*Asks:* 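Dropping a structure here in structure tokens format, bear with me for questions.
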4 protein chains.
Amino acid sequence: MGAKKKDILIQFNRDIILASARKLFQLSGINRTSMDEIAREADCSKSTIYVYFKNKDEIINYIVYEHMVLLRDALQECTPDNKDFERSYYAICNTLVDFQEQYPLYFESLLSEIDVEQEKIQQPGLLADIYKAGEQINDIIGELLKSGIEHNCLRENLELIPTVFYLWSSISGIILLTNQKQKYLKMRVGMDKTMFLNYSFKTLLQSIIK
Amino acid sequence: MGAKKKDILIQFNRDIILASARKLFQLSGINRTSMDEIAREADCSKSTIYVYFKNKDEIINYIVYEHMVLLRDALQECTPDNKDFERSYYAICNTLVDFQEQYPLYFESLLSEIDVEQEKIQQPGLLADIYKAGEQINDIIGELLKSGIEHNCLRENLELIPTVFYLWSSISGIILLTNQKQKYLKMRVGMDKTMFLNYSFKTLLQSIIK
Amino acid sequence: MGAKKKDILIQFNRDIILASARKLFQLSGINRTSMDEIAREADCSKSTIYVYFKNKDEIINYIVYEHMVLLRDALQECTPDNKDFERSYYAICNTLVDFQEQYPLYFESLLSEIDVEQEKIQQPGLLADIYKAGEQINDIIGELLKSGIEHNCLRENLELIPTVFYLWSSISGIILLTNQKQKYLKMRVGMDKTMFLNYSFKTLLQSIIK
Amino acid sequence: MGAKKKDILIQFNRDIILASARKLFQLSGINRTSMDEIAREADCSKSTIYVYFKNKDEIINYIVYEHMVLLRDALQECTPDNKDFERSYYAICNTLVDFQEQYPLYFESLLSEIDVEQEKIQQPGLLADIYKAGEQINDIIGELLKSGIEHNCLRENLELIPTVFYLWSSISGIILLTNQKQKYLKMRVGMDKTMFLNYSFKTLLQSIIK
DNA sequence: TATGAATGAGCATTCATTCAT
DNA sequence: AATGAATGAATGCTCATTCAT
């Protein structure tokens, strides 16, 4: 069997395990998914999983990484030219909303990710990759803001990097809470999710544009 | 023994258990605190706990409720007269920051609380109380906004209730992220926590005031 | 139920677990005995064991301790008056031989016991008790030697404490090896175990008596 | 490829595996060294190890055998002429002490080796070889004693073969215990390892010389 | 009311060995 | 001869909850 074919097979099995984990994580949460369950779902023995992955964390990190890449790529497409600031801004917001809807687990992981120790980020590996993807996401927003400043459509006293974090955290907070209080909002405010999100994103935008 | 006396005794025992749980939750986190540990701390048997509380969740909910009340009362004091809008706004922000610092556990629970089923909120009980406290917190912010509108210092196209949620979620998001990325912010942005928070709250304020 | 009766019941259950462990340890060795097996043998659930013992080590230590006490008490009876040095010496040797035959596992544990950290010995507990029992065994041999010196039947240049360890280690070594090479001895030397042991103990004695 | 060439290659591969195992055993103990680790160290696949060795035990036995040979050869050099009995005796003691220090793992295996079933020793194989090396070690001590008797420096009532075992077991016991109770001896007896060993070997010698 | 006792279900990880290719 | 892949069987320990008394 050619080396290539073999690699494909390996990847195939890894993928089955990852797919099983992904499915179960989505279904019942990461912590409540046991290695036993992943093995059952992947139709292999528990020890086989340990042939392909060092431990549960490696699986988790891998899947978290996948989703960060997914998000990063989706965000990348929001700012094709950075010419129309507002359009790009709303695209980013909506991409995040979509991401949250599709992958609520990983949306939360974006927010709750603990400050990883510097050393672990330095050495190459999954953790470093996750960190890099996070940086790239920041850069996307950073680039957008930079061009916004260049095109003179943003307030003058804005500081670039802090504003990246300000936007990121506000938007995330809005999406997080909207999702949790969805029913409540409908009942109390009479607004559906989308309406409220649009209202909030529009209002938030006021804080940075002229 | 009179019924009243009995009630007092019951409350007394509940309080001891709650105090023990509170202490241990703060110390080592909710999940890592076992019923065994609570019992040991409360100097009673594990089963005694089950006499006073249905299960661990009831204890958790109770303590979550307590902290919501704490927060609610602290927020109440931020808006003594609602005359100075900005002053009240910053007071609220800072109160939330302080709360997060003192009770990080319960700050997160504010955000991650899952949309409880309507039925459970309807029938009186802890869940309903928690819900009510949440409402009251919303009302505080609502009152502030209302007076802001009356004093004519807010944008005209603001809608009251949605703005309450918008503010609440943005502020929470900002605090959440700041706390998690503290080291990172220091390193990357060169700003310490307080500076970044002030910058963000100030910027956020721009989105609603004239 | 009286406190006494309760204590008896507790002790009863502890004893069942200990008896099961003792039996299985003897049968298949300490390491190869799992907590699952002990539970099965004791006819209780694995978690019940953890109600009565902190962990496997506590069980092991307890049983090791029991056997050290057994040995200590048996040795104590070997030197009723310390008048007849030789008689006491041989009694000690034979007691050790018997102990090895009955409890080979714990005989080895006597020899392989790792130098425990001082701290653990200082604070009261099983480990301290084991240590103390070891000391008492040393003392028994020490007392015997002392009286031997007083009765003027030992070489003059003997140093008390080092000789205690010298004797202890030589006798143990002899018993250990005899047991392992039993068949071999029979075949090669044409001596049975007892004969060889007697020969060795007699020879060893020559090294300390006048 | 000639049969001889093939054999050399096979031996070459076996040696690599053995060297890896030897290194890792020394480093972290036999039990804590996994076949995976040996394979990694030997830069071959785990299954390849099973081509060259039946199982882990065969590897262990082989390495145990190697060390017995090492010891045997070192002991051989202790009795170049058997003229000076005492000198040879001390040389043997010190060789054993050195061996224990360098290869504690295999020193213990000398003592704990279970009485292997006769059948396994009869048929040629590793176990027979180990057995033979043991015999040769006995013979070295035996020869020394014989010449001691011939030179008339030993007690007259000594029996040759039993004395071989007597010495071997006593010396081993002394070294074993000294090593385990090193700290304790220092503290309690105020003697360091070397002093105590010398004292013990000297005392033991008294039991066989005139 | 209070509690001692008991437990089922879970959990991540290890490892020597086998077997088809 | 060489090996990649797969795995069964363990293993020590945790914990919320129940129930008879």
Side-chain angles (χ1 to χ4, degrees), chain A residues 1 3 6-7 9-10 12-14 17 31-39 42-60, chain B residues 1 6 9-10 13 31-39 44-60, chain C residues 1 3 5-7 9-10 12-14 17 31-39 42-60, chain D residues 1 6 9-10 13 31-39 42 44-60:
Chain A
M1 183 164 23
K6 215 162 30 183
D7 281 0
L9 200 65
I10 290 179
F12 183 69
N13 283 320
R14 273 183 75 95
I17 293 169
N31 284 327
R32 261 164 316 199
T33 297
S34 71
M35 294 300 267
D36 273 285
E37 286 167 322
I38 297 174
D43 194 36
C44 71
S45 106
K46 216 187 338 182
S47 13
T48 302
I49 296 180
Y50 284 90
V51 172
Y52 290 94
F53 299 91
K54 225 181 89 220
N55 51 32
K56 194 181 177 184
D57 272 344
E58 195 171 301
I59 298 179
I60 296 172
Chain B
M1 179 161 32
K6 204 159 60 176
L9 197 63
I10 289 178
N13 283 322
N31 284 326
R32 264 164 313 198
T33 297
S34 71
M35 295 299 267
D36 273 285
E37 285 166 323
I38 297 174
C44 73
S45 113
K46 215 186 337 180
S47 351
T48 304
I49 297 180
Y50 284 89
V51 172
Y52 290 96
F53 299 91
K54 223 182 88 221
N55 51 31
K56 196 182 175 185
D57 273 344
E58 196 171 303
I59 298 179
I60 296 171
Chain C
M1 180 164 25
K5 229 175 180 175
K6 214 163 29 182
D7 283 359
L9 199 64
I10 290 180
F12 183 68
N13 283 320
R14 272 183 75 96
I17 293 169
N31 284 327
R32 262 163 316 197
T33 298
S34 72
M35 296 299 269
D36 274 284
E37 285 167 323
I38 298 174
D43 195 35
C44 72
S45 104
K46 212 184 346 178
S47 16
T48 303
I49 297 181
Y50 284 91
V51 172
Y52 289 94
F53 299 91
K54 225 181 89 221
N55 51 32
K56 194 182 177 184
D57 272 344
E58 196 172 300
I59 298 181
I60 296 172
Chain D
M1 182 162 26
K6 205 159 64 178
L9 197 65
I10 289 178
N13 283 323
N31 284 327
R32 264 165 312 200
T33 297
S34 72
M35 295 298 266
D36 273 285
E37 286 166 323
I38 297 174
C44 71
S45 113
K46 218 189 328 184
S47 349
T48 303
I49 297 180
Y50 284 89
V51 172
Y52 292 95
F53 299 91
K54 225 182 88 221
N55 52 30
K56 195 183 176 182
D57 273 344
E58 196 172 301
I59 298 179
I60 296 172

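The structure presented is a predicted model; accordingly, all values stated were derived computationally and were not measured. In what follows, every chain begins at residue 1, and chains take the letters A, B, ... in the order their sequences are listed.
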*Asks:* When the nearest nucleotide of DNA chain E is assigned to D36(D) and to D57(A) on a heavy-atom basis, which residue is associated with the more 5' position?
*Replies:* D57(A)
*Asks:* How many angstroms lie between CG in N31(B) and CG in N31(A), if you round to the nearest 0.5 Å?
*Replies:*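 Spacing of CG (N31(B)) from CG (N31(A)) equals 8.0 Å.
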*Asks:* With a 4.0 Å cutoff (strictly under), does any side-chain N or O of Y52(B) reach OP1 or OP2 of dA2(E)?
*Replies:*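 Yes.
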*Asks:* Let's see if you can work this out: which of dT1(E), dC13(F), dC15(F) has an atom nearest to the side-chain heavy atoms of V51(B)?
*Replies:* dT1(E)
*Asks:* Is there a side-chain polar atom (N or O) of S45(D) under 4.0 Å from OP1 or OP2 of dA2(F)?
*Replies:* no
*Asks:* Is the distance from OP1 or OP2 of dA6(F) to the nearest side-chain N or O of S47(A) less than 4.0 Å?
*Replies:*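 Answer no for this pair, as no side-chain N or O of S47(A) is under 4.0 Å from OP1 or OP2.
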*Asks:* Can you identify which nucleotide, out of dT14(F), dA12(E), dT3(F), has its nearest atom closest to the C44(D) side chain?
*Replies:* dT3(F)
*Asks:* When rounded to the nearest 0.5 angstrom, what distance separates SG in C44(D) from CG in N13(D)?
*Replies:*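 Reported to 0.5 Å precision, the distance equals 8.0 Å.
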*Asks:* Side-chain N or O of N13(A) versus OP1/OP2 of dA6(F): is the shortest distance under 4.0 Å?
*Replies:*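 Yes, N13(A) has a side-chain N/O under 4.0 Å of OP1/OP2 on dA6(F).
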*Asks:* Heavy atoms under 4.0 Å, any strand shown: does T48(C) hit a base, just sugar-phosphate, or nothing?
*Replies:*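 Base contact.
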*Asks:* Rounded to the nearest 0.5 Å, how far apart are NZ of K46(D) and OG1 of T48(D)?
*Replies:*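 Separation between the atoms: 11.5 Å.
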*Asks:* Between Y50(A) and D43(C), which is nearer to the 5' end of DNA chain E once each is assigned its nearest nucleotide?
*Replies:*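 The residue closer to the strand's 5' end, by nearest nucleotide, is D43(C).
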*Asks:* Can you find a donor-acceptor pair, distance only, under 3.5 Å between K56(D) side chain and dT17(E) base?
*Replies:* no
*Asks:* Which whole-number value in Å describes the distance from M35(B) CE to dA5(E) P?
*Replies:* 19 Å
*Asks:* Could you give the distance from NZ (K54(D)) to CG (D57(D)), rounded to the nearest 0.5 Å?
*Replies:*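 Atom-to-atom, K54(D):NZ and D57(D):CG are 8.0 Å apart.
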*Asks:* Whom does dT21(E) pair with, Watson-Crick or G-U wobble, provided both distances fall under 3.5 Å?
*Replies:*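 dT21(E) is paired, partner dA2(F).
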*Asks:* Could you work out which one of dA16(E), dG12(F), dT17(F) sits closest to the side chain of K46(B)?
*Replies:* dT17(F)
*Asks:* If you find the nucleotide of DNA chain F closest to K54(B) and the one closest to I10(D), which residue's nucleotide is nearer the 5' end?
*Replies:*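 First, find each residue's nearest nucleotide; the 5'-ward one identifies I10(D).
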*Asks:* What contact category does F53(D) fall into here, base, sugar-phosphate, or nothing, at under 4.0 angstrom with non-hydrogen atoms?
*Replies:*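 Here F53(D) touches no strand at all.
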*Asks:* How long is the straight-line distance from CE of M35(D) back to CD1 of I38(D), given to the nearest 0.5 Å?
*Replies:* 5.5 Å
